[in-house]
Amino acid sequence: MNIFEQYQNKIKKILLDFSKTGGLILPNKLDGITAEIPPIKFNSDISTNVAMVLSKINKKDPMSLANILSDKIKNYDPLIDEISIIKPGFINIKFKPIFWTNFVKTLIKDSKTFGINKSEDKKKYLIEFVSANPTGPLHVGHCRGAILGDVMANVLKFNNHNVTKEYYVNDYGNQIKNFTKSVYLRIREIVFKEPFPINNEDLYPGDYLIDIAKNIINSEKKLNFNSFDEISNQLTSLSTTEALKLIKKNLNSLGINHDNFISEKELVKNNEVEKAIEFLQKKNFIYSGKIKAPIGEDNKNWIEREQLLFKSSDFGDDKDRALQKGDGAWTYFASDVAYHKNKLDRKYDQLINILGADHAGYIKRISSSVDALSNSKGKLICKVSQLVKLIKDKKPFKMSKRKGDYITVDDLMNEVGKDAIRFIMLNRSSDVELDFDFDNVIEKSRDNPLYYVQYSYARIASVFRNLDKDIKSNIKIEEYDFYYSKDETNILKKISEWPKCIDITCQKLEPHRIQTYLYELASLFHSYWNLGKNNPEKRFISDEKISDDKLIFLKIISNVIKSGMDIIGVSAPTKM
RNA sequence: GCGCUUGUAGCUCAAUUGGAUAGAGCGCCUGACUUCGGAUCAGGAGGUUCUGGGUUCAACUCCUAGCAGGCGCACCA
């Protein structure tokens, strides 16, 4: 239940009725009319901007129009206690106390589904995220996008949408060749005692390759390790499988499970690239031509040549993009086009890609291809996750320059754990660089949002525990003949905004909004809790008992915190 | 040079999808509690929302021209 939507509709109905009597002129579309919680200081419950929106077309100033409209609204709803009109022309409605009691009543009936937008159409989403090369374990750079995607999927699912989480495995191309070569040389190091060429820039030097080499030696005793050419195909798939195992283990420890892993190699093998290009060729988006050397780059190795190009410049890209390399192999872009055709063929309403900041320049070209493939605009939305700056001892925590030596997901897990990683990665909008302070995330203070929110839940749980009740069990109450105080109503107002928070998060695909909301709710709750220190009447328990209104009140708050924590994917402990 | 992105309190950032006197945390200054109702709370100081122009009843938000930082500009992935 969303009381704002309800009230918005009510107001629109009043306006329509009024316009039929000739008292009001309405525009063709009733857009931009809001119903929302006004700032606390105005001490009212719902506020609307109708008078300001309609003032021009009615040739009346907002204040006098507000006067007229507020009478109409007041007559319409018996629950209204008083209406006030504030400066630019806001109409602020204050309800009788029963309004919030009624609100609470519906929440108890509806506790499982509170926050879900039932009026919105169910959509099919495909979220592609992480998609790191299968050449080694995940590091901290992958982590933010991984959590962003996972929580985005959670919140869309919470709002009743159908979501598929997908990982695109780039197991084709030069990187994989170099990686396989590196594994091979590590094998030779172990079997034939040949030193690994650690200074070769093209190779992967990380120690984890030694483990991969050992695993392959142990499980593939029949392989002839003497000849790279003879075993290269088999070794490629063995190596990427091993690397993917490491990645899946990392994802798992972060609580992330993809539904599908789509292999680039398979797409190429099944001729999907040719099919996609053929498809675009028929639409005249493919031609053979030359592109100019990149600007501002070291381009002395540039060889201009005739090649197969996609007309992404038709869609606003700087230049057209190459599909085929000099050796005849497909470019990364070409197979990615095929992959996106594959996605489109599976009939999703919305495709979402989560990319790291360093790949932002790629967005124009891939969304161009999706526009071309789908004959429409906006089928693909790309979200970029900005850098994470690691901070330790109040100083930037720099990664060592030696290639292959970086902070891994495992390192993070050992230092701070899953909950802290997930929660703190959502501490900021994904558009902004994020400070990840090792000392702060394990700190137990208000400065650490994870503890602050978890603590509010634990406090509620402690009340239930003291009463020998279970915080998770349902509450049944016969009589709702109680009213809430101003302090309590302020918290209920925040609760009433939960569905709106979910909606906006889904529309803008900004999961950090959940985290921000929970922090604000926790803050209101801690404030309220502390009132009980000086004033015993404000305590939840008196004489070892709790009143029904307070029991429900606590239950509702804990429900919302728990839903939010579930969406973010962190625990809500009952004891800390 | 071009593209994307960010610019809000001393610092790190929010801002109800264009609303009211722009809010939090940290830091600074007071105060409450002396605590398993335990990591908490109350108050104070701190702002030309990078700059100029425009749209609007209303702009941190949208448009436009700049300035500054970040990322990117391949036949790599």
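Values below: every heavy atom of this structure, side chains too, minus hydrogens, waters and symmetry copies. Every chain is numbered from 1, with letters handed out A, B, ... down the list of sequences.
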Exercise. What are the residues of residues 448-459 of chain A, sorted by number, that bring a heavy atom to within less than 4.0 Å of RNA chain B?
Worked result: A:Tyr452, A:Tyr455, A:Arg459
OP1 or OP2 of [N] less than 4.0 angstrom from a side-chain nitrogen or oxygen of [X], does that happen here?
X: A:Trp529; N: B:C33; value: no
X: A:Arg428; N: B:A14; value: no
X: A:His359; N: B:G3; value: no
X: A:Lys508; N: B:U61; value: no
X: A:Lys533; N: B:G38; value: yes
X: A:Lys87; N: B:U21; value: yes

For this session: Identify the nucleotide, in any strand shown, that forms a Watson-Crick or G-U wobble pair with B:G18, with both distances under 3.5 Å; if there is none, say none.
Result: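 The base-pairing partner of B:G18, which may sit in any strand shown, does not exist here.
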Roughly how far apart, to the nearest Å, are [N] and [M] at atom [atom1]?
N: B:A20; M: B:U61; atom1: C1'; result: 16 Å
N: B:U17; M: B:A59; atom1: C1'; result: 14 Å
N: B:C60; M: B:G18; atom1: P; result: 13 Å
N: B:U35; M: B:C50; atom1: P; result: 48 Å
N: B:U48; M: B:U30; atom1: P; result: 26 Å

Exercise. Going by heavy atoms in the side chains, are A:Asp45 and A:Asn92 under 4.5 Å from each other?
Worked result: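 Side-chain contact under 4.5 Å: no.
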For this session: Please examine the side chains of A:Val337 and A:Ile277, heavy atoms only from C-beta on, and report whether any two atoms are closer than 4.5 Å.
Result: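 Side-chain contact under 4.5 Å: no.
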How close or far is atom [atom2] of [N] from atom [atom1] of [X], stated in whole angstroms?
X: A:Lys383; N: B:C4; atom1: NZ; atom2: P; answer: 16 Å
X: A:Lys389; N: B:C11; atom1: NZ; atom2: P; answer: 13 Å
X: A:Lys444; N: B:C36; atom1: NZ; atom2: P; answer: 16 Å
X: A:Ile363; N: B:C71; atom1: CD1; atom2: P; answer: 16 Å

Spell out yes or no: do the side chain of [X] and the base of [N] have one donor N/O and one acceptor N/O closer than 3.5 Å?
X: A:Asn530; N: B:U40; answer: yes
X: A:Asn92; N: B:A20; answer: yes
X: A:Ser47; N: B:A20; answer: yes
X: A:Glu36; N: B:U16; answer: no
X: A:Arg446; N: B:C26; answer: no
X: A:Asp447; N: B:G25; answer: no

Is it true that [Y] and [X] share a donor-acceptor pair across their side chains at a distance under 3.5 Å?
X: A:Ser313; Y: A:Asp320; result: yes
X: A:Glu488; Y: A:Ser485; result: yes
X: A:His526; Y: A:Arg446; result: no
X: A:Asp171; Y: A:Ser263; result: yes
X: A:Tyr452; Y: A:Asp447; result: no
X: A:Asn342; Y: A:Glu272; result: yes

Exercise. If you pin A:Arg539 and A:Gly173 to their nearest nucleotides in RNA chain B, which one's is more 5'?
Worked result: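 Checking each residue's closest nucleotide, the 5'-ward one belongs to A:Arg539.
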